[in-house]
Amino acid sequence: MTTAEYSQKLDTVVTELKTALQSATSSETVEALKTEYLGKKGSFTLLSKQIKDVDDKKEAGQLLNTTKQTLEDMLATARTTAAKKLAWIDLTMPGKKPEVGHTHPVSQAMEEITHIFEQIGFTRVRYPEVDWDHYVFEALNMPKSHPARDEWETFFVDAPVDNQMGKMVLTTHTSNGQVREMERLNSQPPIRMINIARCYRRQQDATHTQMFHQFEGLVVDKGITIQHLKGTLDYFAEQFYGPGTKSRIRPFHFQFTEPSFEVDFSCQICHGTGYLDDAETQKCRFCKSGWHEVGGAGMVHPNVLKAGGIDPDEYTGFAFGWGIERTYTLKEGLNLDDIRLLYSGDLRFLHQF
Ligand code: FA5
């Protein structure tokens, strides 16, 4: 082969690489081309082995060196260009926002409920969630061995028994705060308490969890009647569920209130009618009856006032206690089939609130 023919072949390799590099936008492509041309089986490497067939080996050797240098320079330039492209940032592109968490829906409900009651002079308090039998049962007119204790599905704590206070339990309801609040105020009404806390019961199904939250209202003063209770329920219904929501009380039994009631709020979907249409042909699937039960209430039992050192001949009071989860999930549009979802830690669910 003549030197001129060899030189032409080398020029062809340079032209080919030049063309290939024009469309090489990433460092990876540039490196791949380097292997394709200068690697062990690369087109330049194979051509360099043909030097033995060239007439003037000395001139061919010089041509080879120059060509190799040209190829390496071209690759180096392409590498720098690709790296610059990587560092280029389009400042007008929409940014990626970091994930920001938010308050859990149950905490949101607690804040809202606290605010609603603070507006009418209630004070938010907290009492132990691991408490003595005395405050959870005994002082609430449930003496030892009273059958009413069975309803509370209690978790007992394996702790030394106190002679006066009895066993330790996980609080089954926020009513343990009633006598504690009377004691905190040295048995001196007026009392306007809102006690929000975790409660625990041996229960687990679509409407019950072993740990849940309740809020307890307690008002004690001279001349407090059921009318004050009903007014407070109606006020809460309108504030929490929206204008037009009504409350309803039905006779019930609790050991610590007399009389006792179950409390319902009118359904916001069917406005208490139980039907979705005026002709009353379509039953409301949200409530079925027009009303939702949220918890209990009643006039504080004289024995409970006495346990708190308050004279029942001088003072009367009302109390109510409802589940936060239940109260909250009844809000319009929240129709939750299973309250356990609230504690599932499933972010797809929690992100919606
Ligand atoms: C009580 O706990 C009474 N202490 C309420 C009360 C207070 C009555 C003051 C009178 C005066 P009850 O067991 O019905 O009552 O519970 C009240 C509400 O707590 C229920 O309606 C429900 O909404 C909620 N609740 C009770 N157990 C659970 C549970 N395991 N999981 C979720 N919510 C619960």
Side-chain angles (χ1 to χ4, degrees), residues 105-106 109-110 113 117 122 127 129 131 135-137 139-142 148-155 169-182 191-220 224 226 228-230 232-233 236 240 247-265 291-305 307-308 316-331 334 336-344:
V106 170
M110 292 196 314
I113 290 164
F117 283 105
F122 281 65
Y127 288 115
E129 289 166 11
D131 207 353
Y135 291 109
V136 180
F137 297 122
L140 295 180
N141 199 28
M142 285 183 271
R149 287 180 171 223
D150 283 355
E151 290 166 23
W152 305 95
E153 310 264 10
T154 314
F155 287 110
V169 301
L170 300 188
T171 47
T172 52
H173 54 174
T174 41
S175 301
N176 70 317
Q178 291 192 15
V179 169
R180 280 191 172 275
E181 179 70 353
M182 294 175 199
I191 295 173
R192 278 189 219 101
M193 164 196 95
I194 189 82
N195 175 29
I196 307 184
R198 289 190 198 92
C199 303
Y200 306 83
R201 291 186 198 174
R202 288 184 290 108
Q203 297 170 332
Q204 180 87 282
D205 58 35
T207 51
H208 297 87
T209 43
Q210 291 173 339
M211 186 282 300
F212 58 101
H213 298 75
Q214 279 190 347
F215 61 109
E216 182 98 3
L218 173 72
V219 171
V220 180
I224 296 294
I226 295 175
H228 295 111
L229 167 64
K230 187 65 169 65
T232 307
L233 300 182
F236 178 77
F240 193 71
S247 74
R248 178 173 84 171
I249 51 178
R250 288 177 288 111
F252 197 65
H253 173 260
F254 291 104
Q255 272 296 110
F256 35 92
T257 43
E258 182 56 42
S260 303
F261 310 103
E262 273 194 319
V263 179
D264 301 336
F265 289 126
W291 297 88
H292 296 289
E293 188 221 310
V294 290
M299 300 307 291
V300 182
H301 196 288
N303 287 351
V304 177
L305 290 172
T316 50
F318 68 77
F320 56 83
W322 308 324
I324 302 243
E325 291 79 355
R326 171 119 184 102
T327 308
Y328 180 62
T329 54
L330 291 178
K331 272 210 175 213
L334 258 176
L336 261 195
D337 292 338
D338 192 334
I339 67 163
R340 288 172 295 189
L341 259 177
L342 285 168
Y343 298 114
S344 64

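Ligands are counted one by one from 1 in listed order, and the atoms in each one are counted from 1 as well.
No hydrogens or angles considered: nothing links the side chains of Thr171 and Glu129 as a donor-acceptor pair under 3.5 Å. Between the side chains of His213 and Glu325, at least one donor N or O sits under 3.5 Å from an acceptor N or O. Side-chain contact check for Gln255 and His253: at least one donor-acceptor pair (N or O, by modelled atom type) lies under 3.5 Å. Inspection of the Gln203 and Gln210 side chains reveals no N or O donor paired with an N or O acceptor under 3.5 Å.
Comment: Arg340 does not engage Asp205 in a salt bridge, judged by the lack of any side-chain N to carboxylate O separation of less than 4.0 angstrom.
The protein atom (non-hydrogen) at minimum distance from atom 18 (C) of ligand 1 is Gly323 N, 3.6 Å. Protein heavy atom in closest approach to atom 9 (C) of ligand 1: Glu216 OE2, 3.3 Å. Closest to atom 5 (C) of ligand 1, if we only count protein heavy atoms, is Gly321 O, 3.5 Å. Nearest protein heavy-atom contact of atom 29 (C) of ligand 1 is Phe212 CD2, 3.4 Å. For atom 15 (O) of ligand 1, the nearest non-hydrogen atom of the protein is Phe254 CE2, 3.5 Å.
Formation of a donor-acceptor pair under 3.5 Å by the Thr257 side chain with backbone atoms of Gly298 is not found in this model. With hydrogens and angles ignored, the 3.5 Å screen pairs a side-chain donor or acceptor of Thr209 with a backbone N or O of Met211.
Figure legend: Arg192 and Phe122 shown without cation-pi pairing, the cationic atom not lying both under 6.0 angstrom from the six-membered ring centre and within 45 degrees of its axis.
Distances from ligand 1 to the non-hydrogen atoms of Trp152 include at least one value under 4.0 Å. Ligand 1 has no atom lying under 4.0 Å from any heavy atom of His213.
When non-hydrogen atoms are compared, ligand 1 lies under 4.0 Å from neither the backbone nor the side chain of Glu151. The residue Gln210 has no part lying near ligand 1, judged by heavy-atom distances below 4.0 Å. With a 4.0 Å heavy-atom cut-off, ligand 1 is reached by the backbone of Ala297 but not by any atom from C-beta on. Contacts between Phe320 and ligand 1, counted as non-hydrogen atom pairs separated by less than 4.0 Å, involve the backbone only. The residue Glu325 has no part lying near ligand 1, judged by heavy-atom distances below 4.0 Å.
At least one N/O-N/O distance between Gln214 and ligand 1 falls below 3.5 Å. Among the atoms of Thr209, some N or O lies under 3.5 angstrom from an N or O of ligand 1. Close N/O approach between Ser175 and ligand 1 is found [any backbone or side-chain N/O within under 3.5 Å]. For ligand 1, the polar-atom distance check against Arg326 finds no nitrogen or oxygen pair separated by under 3.5 Å. At least one N or O atom of Arg201 sits closer than 3.5 Å to an N or O atom of ligand 1.
Counting heavy atoms from C-beta outward, Tyr127 and Tyr135 have side chains that stay 4.5 Å or more apart. When side chains are defined from C-beta on, Leu140 counts as touching Gln178, because their heavy atoms get closer than 4.5 Å.
Of all atoms in ligand 1, listed by their number and element, those nearer than 4.0 Å to a heavy atom of Gln203 are 27 (N), 28 (C), 29 (C), 30 (N). Shown in contact with Gln178 at under 4.0 Å from a heavy atom are these atoms of ligand 1, numbered in order with element: 9 (C). Of all atoms in ligand 1, numbered sequentially from 1 with element shown, those under 4.0 Å from a heavy atom of Ile339 are 32 (C). Applying the 4.0 Å criterion to heavy atoms of Ala319 picks out, from ligand 1, the atoms 9 (C), 11 (C). Ligand-side atoms of ligand 1 in range of Gly295: 21 (O), range being under 4.0 angstrom from any heavy atom. Shown in contact with Glu293 at under 4.0 Å from a heavy atom are these atoms of ligand 1, numbered in order with element: 21 (O).
Separation of the Trp152 and Tyr200 ring centroids does not fall under the 6.0 Å cut-off. Taking the six-membered ring where the residue is Trp, the centroids of Trp322 and Phe240 are separated by 6.0 Å or more.
Of all non-hydrogen atoms in Val179 and Ala307, the two that sit nearest each other are CG1-O, 3.9 Å.
Atom 23 (O) of ligand 1 has its nearest heavy-atom neighbour, among Thr329, Val294, Val300, Thr257, in Val294.
Classification of the Phe320-Phe215 ring pair by plane angle, with boundaries at 30° and 60°, yields perpendicular.
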